[in-house]
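Quick note on labels: first sequence line is chain A, next is B, and so on, each numbered from 1. Atom set for the values below is all heavy atoms of this structure, side chains included, hydrogens, waters and symmetry mates excluded.
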Amino acid sequence: MNLSLLRQSRSRTLIIFMCIIGAIFVIRLFYLQVVQYGYYNNEALKEHTSKFTLPAQRGEIYAKDGGGAVAPLALNEASYTVYADPRYVTDINKTADTLRRIAGGNVVDNFEAGLGNKSSQYTVLARQISQKQADLLSAAQLPGVGMQEQDKRVYPEGSLAAQVLGYVNNDGQGQYGIEQALNSDLAGKSGLLKAVTDVRGIPLSVGGNNVQEPAQDGKNIVLSIDRNIQSYIEQALKDGLDKVHAKHGSVVVMDPNTGKVMGMANLPTFDPDKYYEQSDYSAFQNAVVTDPYESGSVVKTFTMAAGLNEGAVKPDSTYNNTGTVKIGDATIRNVLQTVNGTRSMMEVFEYSLNTGAVFVLQQLGGGNINAQAREKLFGYFTDHYMFGKKTGIEQAGEQAGDIIPPDQAEGNDVRYANMTFGQGMSNTMIQITSAFSAMINGGTYYKPTVVDGYENSDGTETTKAAQIEKSDIIRPGISHELNDMMHTARALSIRGQDKAGYFVAGKTGTAQVIDPKTGAYTDKNAVGSYLGFGGNSNTAPRYVIMVRVTDAQVSDAATAGNAAAAPIFANISNWLLDYLHVQPK
Amino acid sequence: MSSSTTLTLNMQPTTGRTAQTWRRNQNTVRHQLTSGLGPISHTVLIAVMLCILGLIYLTQITKTSTYGYQINDLKNQQTKLADQKRDLEVESARLQALERVKNSDVAKAMTTPTETDYAQN
């Protein structure tokens with residue numbers, strides 16, 4: 001065989017072989033880098049990029065502070081959770097001693113055991129330490145110990161308006177009060193940062209695939225609550241309850257011309273900063289909106305307004321009060337049995353005559369309690385006064401109460417006779433206060449609210465306009481007549497408690513409670529209420545106050561409204577006249 | 001490097017760009033030097049240029065990364081200052097809380113007015 005031919009043949013084979021190998025590489029690279037570009041690019045990005053949540057700052061809550069000023073009720077401050085990866089902790093004793101010295105009472109129980117557990121990768125050592133403590137801990141440079149920043153909700157005014165506010169739990173969720181009701185507005189929306197990071201996880205500004213969606217902080221809310229009024233009514237309620245040895249009570253103060261709540265207090269209360277120390281969870285509830293009850297004789301004002309507005313009775317109408325009235329097989333009695341005889345509609349308020357309220361219902365039916373009377377009263381209660389419906393106030397857990405319609409078997413004559421003086425139906429205090437405000441302001445029902453407006457980024461406030469829910473629930477003239485009747489009744493029944501020169505009016509309410517043992521109304525206990533308003537004339541009410549005392553220890557339970565709730569009303573009313581600079585006539 | 005010489009006989013006087021005037025029967029000679037780079041030189045030059053471009057690219061990328069660290073540091077500082085501001089606001093609010101004000105010595109020394117009078121219009 002020719003040697004040169006053989007060499008030429010080998011070389012050619014080698015070249016062809018090399019070309020094939022080269023082609024395989026080229027094809028493979030083409031496949032990986034061109035065809036599979038998207039897949040491998042994504043895989044690489046996954047390795048190099050990290051996602052960071054940019055937490056939104058929870059909106060702050062402010063109260064009015066007299067005039068146009070505001071004062072903070074709920075703020076945020078930075079706090080830190082201290083954790084450790086026990087595998088990297090070199091000196092357990094030194095770490096524990098340093099933590100105890102710096103974090104003090106913020107260390108978690110038995111954190112030393114967690115430090116010693118080398119099989120664990122994460123153990124919490126201390127919670128909610130302050131910025132200063134965090135700085136000291138960082139300076140100590142403890143191996144294996146890290147910190148995670150998080151916002152902590154703080155309430156600088158302590159327990160002031162606690163139930164109106166609610167609190168924020170460890171998961172950052174608002175609980176109770178406005179914290180829960182407006183949680184989505186307050187919480188804001190977290191942002192997102194998706195970026196290429198280095199080995200330490202620090203985001204780098206390289207690459208065109210970085211994504212940054214800034215966090216949207218929660219709205220700062222300005223409440224219609226005035227902190228001075230709130231503080232005063234809380235103290236007045238406490239003093240009033242102490243006098244009658246009661247433990248449970250509520251007060252609400254409303255501007256009748258806007259529906260804005262100026263103060264709302266409940267006892268017992270709690271400190272939102274230390275909500276976890278509270279064992280009685282009912283203290284978290286804002287009973288003014290969450291606790292419907294048979295409000296008793298304060299409802300007579302609503303029955304009377306319906307009768308006056310329908311023309312069924314007039315302020316000077318009279319009836320023969322016999323002390324009792326028989327409806328079917330039930331007998332309805334007055335508490336006061338010494339004022340029998342001919343009585344006017346004003347005296348129905350003055351002596352709180354149940355028979356007088358039933359008389360108004362009879363007149364609505366043309367002289368008898370019938371379907372027409374029941375339909376009319378039901379219409380006023382539900383369509384005019386909005387009873388049986390949630391008001392929509394910005395508070396968690398609002399209840400609608402209960403009004404039995406007249407077309408149901410239980411909505412019979414006896415029930416409707418009882419309803420005229422506030423039994424056999426249930427309302428929340430906010431429902432009654434809102435409807436009463438409408439009744440005395442000329443007939444405009446404003447949606448009750450605790451929100452005055454929202455704070456802008458420049459510190460100014462955008463005020464929320466008052467929202468009219470229904471106009472002309474009664475005619476303005478009827479409203480003024482009713483105001484005069486209540487004013488006269490108060491002046492005659494509760495003498496010497498009001499400041500001279502002012503127009504203060506109202507009505508007591510004492511509701512029997514059902515004894516859980518017998519299932520029947522008991523005379524041993526009653527819920528006392530007072531519902532009234534003040535201003536300088538019958539056409540210019542400046543505030544509405546409703547007081548409820550749930551467990552007054554008074555000699556006669558039937559007078560709980562007068563003995564327990566009325567003094568608290570008078571105390572607050574007289575103070576408000578000065579605080580609101582109401583000039584006497 | 002290579003060079004070549006071109007001999008041109010010019011029988012006619014030139015015009016236009018040639019500013020010289022030629023005498024009759026004068027032979028003129030022009031030498032045109034044509035020098036160029038060989039293939040190896042080209043390759044080396046391209047490689048050097050690519051290296052320079054690569055270095056410039058790397059410098060810019062590194063600079064961008066450095067900016068990333070600077071931005072991160074500044075953001076951390078900003079967060080820390082914002083936290084300090086919030087802490088001070090909370091401290092200020094606590095100091096001005098109604099309960100604290102009511103219990104202060106100044107407030108305790110105050111008296112309640114017995115009567116409020118208003119000037120009549």
Side-chain angles (χ1 to χ4, degrees), chain A residues 54-55 57 60 62-63 65 71-80 130-132 134-135 149 151-161 193 195-198 200-207 210 227-228 230-232 234-235 273 499-501 536 574-575 577-579 581-585, chain B residues 50 53-121:
Chain A
L54 305 174
Q57 192 177 312
E60 295 168 344
Y62 295 87
D65 191 18
L73 290 182
L75 298 172
N76 308 300
E77 71 177 358
S79 74
Y80 296 82
S130 67
Q131 178 79 51
K132 284 178 188 169
D135 289 343
E149 187 187 344
D151 270 357
K152 179 188 168 192
R153 196 65 153 171
V154 289
Y155 302 88
E157 294 282 353
S159 63
L160 189 80
L193 173 62
V196 176
T197 57
D198 70 0
R200 291 176 295 166
I202 294 173
L204 304 172
S205 57
V206 294
N210 287 5
R227 75 166 179 166
N228 302 297
Q230 182 69 27
S231 174
Y232 193 88
E234 286 184 7
Q235 189 61 48
D273 271 332
K499 295 182 78 164
N536 58 15
N574 288 331
W575 180 82
L577 289 168
D578 282 343
Y579 181 75
H581 307 299
V582 181
Q583 292 196 23
K585 264 202 169 175
Chain B
L50 283 175
L53 281 172
L55 279 172
I56 292 169
Y57 174 75
L58 282 175
T59 312
Q60 292 303 313
I61 286 291
T62 311
K63 207 183 258 182
T64 316
S65 302
T66 312
Y67 286 143
Y69 285 111
Q70 285 178 3
I71 290 168
N72 195 54
D73 285 345
L74 288 170
K75 276 184 179 168
N76 285 342
Q77 280 182 42
Q78 188 187 28
T79 307
K80 201 165 184 177
L81 287 170
D83 286 347
Q84 282 177 4
K85 177 175 172 275
R86 286 194 300 166
D87 287 352
L88 289 170
E89 282 173 351
V90 170
E91 193 61 29
S92 165
R94 282 189 176 131
L95 290 170
Q96 294 176 61
L98 272 184
E99 201 56 36
R100 189 183 174 94
V101 171
K102 275 199 287 188
N103 292 329
S104 68
D105 293 338
V106 176
K108 280 177 181 168
M110 289 179 173
T111 55
T112 307
T114 52
E115 198 62 48
T116 306
D117 290 324
Y118 291 89
Q120 297 296 318
N121 291 329

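- For A:Leu577, the part sitting under 4.5 Å from any heavy atom of chain B is the backbone (N, CA, C, O) and nothing else.
- Heavy-atom proximity under 4.5 angstrom to chain A picks out B:Lys102 from residues 102-111 of chain B.
- For B:Asp73, there are no side chain to side chain contact (heavy atoms under 4.5 Å, CB included) partners, not counting sequence neighbours.
- For a residue to count as touching a neighbouring chain, one of its non-hydrogen atoms must lie under 4.5 Å from one of that chain's; by this rule B:Thr66 does not touch chain A.
- Contacts classified as side-chain hydrogen bond (donor to acceptor under 3.5 Å, both in side chains) and involving residues 87-101 of chain B (residues at least two apart or in different chains) are given here: B:Lys85-B:Glu89, B:Ser92-B:Gln96.
- A side-chain contact (heavy atoms from CB on, under 4.5 Å) with B:Arg86 is found for one member of A:Leu75, A:Asp151, A:Val154 and no other, namely A:Asp151.
- Only the side chain of A:Asp135 comes within less than 4.5 Å of a heavy atom of chain B; its backbone N, CA, C and O stay farther away.
- Every side-chain hydrogen bond (donor to acceptor under 3.5 Å, both in side chains) that A:Gln235 has, sequence neighbours left out, goes to A:Asp239.
- Between chain B and the residues A:His581, A:Lys132, A:Lys499, A:Glu60, the most heavy-atom pairs under 4.5 angstrom are made by A:His581.
- Comparing B:Leu98, B:Thr79, B:Val90 by how many heavy-atom pairs each has under 4.5 Å with chain A, the most go to B:Leu98.
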